[in-house]
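Inspection log for the structure reproduced underneath, given as structure tokens.
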Number of protein chains: 2
Amino acid sequence: MATATQDKTIDSQASSQAGERLSLSLWLQLMKCTKEIEAGVGGRLRKVHSQSLARFDVLSQLHRFAGDWVAVGEIAGRVMASSGNITALVDRMVAEDLIVRRASPDDRRSHQLRMTDKGAALFADMTDDHARWVDAALDGIADKDKERLIALLVEVRRAFEATTTIQIKGPAPGSGPEQES
Amino acid sequence: MATATQDKTIDSQASSQAGERLSLSLWLQLMKCTKEIEAGVGGRLRKVHSQSLARFDVLSQLHRFAGDWVAVGEIAGRVMASSGNITALVDRMVAEDLIVRRASPDDRRSHQLRMTDKGAALFADMTDDHARWVDAALDGIADKDKERLIALLVEVRRAFEATTTIQIKGPAPGSGPEQES
DNA sequence: GTTATTTATTTAACATGTAAGATATTTACA
DNA sequence: TGTAAATATCTTACATGTTAAATAAATAAC
């Protein structure tokens, strides 16, 4: 009584399970890789410059708009920080005179940020060290492998973004009301 | 996400080479990939199960020793948490009856952890969802590419550990915790 | 032209991360 | 044996992340 339909179902289920295990492995390795390097690089950044990776991110985003004022939300989005957390981070950086905040002249809801000279100088220092550390951490990997990895990771990100804008399939346990997205 | 640095000082520094820029790009993609997927998967874990990825990590490590008591430090090491932060995390999980803590019978300095039935049940639920979510997030990536990525990421981790173990005193990481995949 | 919605940010409460130092215990050794 | 060093954990202080709700201003609707 194995109809074609049932065969197809079984087949797709089996392959789905194998693929699921592969996905988990990939996810695990991705996490381990990132966390280990992040811990190493972030630790050095903290020890040598007393700054976190988050602050480095903020500075590097401001650097890309060198001289211009940038809205807080603009920075928060680019650093993947929620609007809720950026406030305290910016506060501390302002207190340390790394950046300046002012009310937007155009939109009175909005505030803007810009690097100070001190922030720019610190950023220049950090950038240099950061590039060296990352390069040292990835020493031993062939350039071709790096290129291959970069290409694959970009592809992963693209695939991820494509699938998460849609409803997640899933056997829909028939229980909870699915939402989100 | 450690954005930053794809275009900055390289042109002004003749000593910076293509390899360094490649390393930075790789680092950037690694961070972006992990953070995006982590945000997606972690967000769902939080919404559906009201648990964080850190808690999920703790439970999955305890699960590997199913039934046995495991030292707090053992868990902290495997989930890459410092001894300082694991305390509060464990406290909250104990308060929620997901795990139990007792003084070690062998070593009076040491404390041990074990999952409760409630914790085990929750873990089973989460594991199932987690596997599906990750698989959905990585849908669209060919199995061969996943395998290639896994292999490359393992290589990166190995290279990273090789270059950063040098300055650490002691023979510690030689027989470090071997992880599965 | 008042009312409702959206947008930009802050506030609040809390979970999780780090480092430094305290405490207790085991271990090594002169 | 007594003392120093290593080990395992906790405490404290604080940086950073999350969500939800509050505030304020711009925008849209009637």
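Throughout, a chain's letter reflects where its sequence line sits, starting with A, and its residues are numbered from 1. Small disclaimer: the values here were computed from a predicted structure and weren't measured.
Heavy atoms of B:S82 sit under 4.0 angstrom from at least one base atom.
No hydrogens or angles considered: a donor-acceptor pair under 3.5 Å links the side chains of A:H49 and A:D129. Checking B:T34 against A:T34 by side-chain atom types alone, a donor-acceptor pair falls below 3.5 Å.
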Protein heavy-atom contacts under 4.0 Å, written 5' to 3' over nucleotides 8-14 of chain D as B (base), S (sugar-phosphate only) or - (none), form the string SBBB---
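Applying the ring pair (Phe, Tyr, Trp, His ring centres under 6.0 Å) test to residues at least two apart or on different chains, none of the pairs has a partner in residues 78-110 of chain A.
For A:D135, the side chain to side chain donor-acceptor pair (under 3.5 Å) partners at least two apart in sequence or on another chain are B:S23. B:H63 is linked by a ring pair (Phe, Tyr, Trp, His ring centres under 6.0 Å) to B:F123, counting only residues two or more places apart in sequence or in another chain.
Put simply, the side chain of A:K118 gets close to the backbone of A:E96: a donor and an acceptor are under 3.5 Å apart. Looking at A:T116, its side chain does come within 3.5 Å of a backbone N or O of A:L98 through a donor-acceptor pair.
Interface limits on DNA chain C: the 5'-most and 3'-most nucleotides within less than 4.0 Å of chain A heavy atoms are C:dT7 to C:dT18.
If A:Q51 and B:G43 are placed on DNA chain D by their nearest nucleotide, the residue sitting closer to the 5' end is A:Q51.
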Going through the distances and angles, do B:R78 and B:E74 end up as a salt bridge (Lys or Arg N to Asp or Glu O under 4.0 Å)?
CA-CA 6 Å; B:R78 287 173 180 273; B:E74 180 75 20; 3.0 Å; yes
For this session: Test side chain to side chain contact (heavy atoms under 4.5 Å, CB included) on B:V154 and B:R158 and set out the steps.
Result: CA-CA 6 Å; B:V154 169; B:R158 197 162 296 154; 3.3 Å; yes
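Across its full length, the helix from C:dG1-D:dC30 to C:dA30-D:dT1 shows an angle of 10° between the axes of its 5 terminal pairs at either end, rounded to 10 degrees.
With A:L89 as the partner, the side chain to side chain contact (heavy atoms under 4.5 Å, CB included) test is satisfied by one option alone out of A:I99, A:I75, A:V58: A:V58.
If you take CG of A:L45 and P of D:dA15, they are 16 Å apart, rounded to a whole angstrom.
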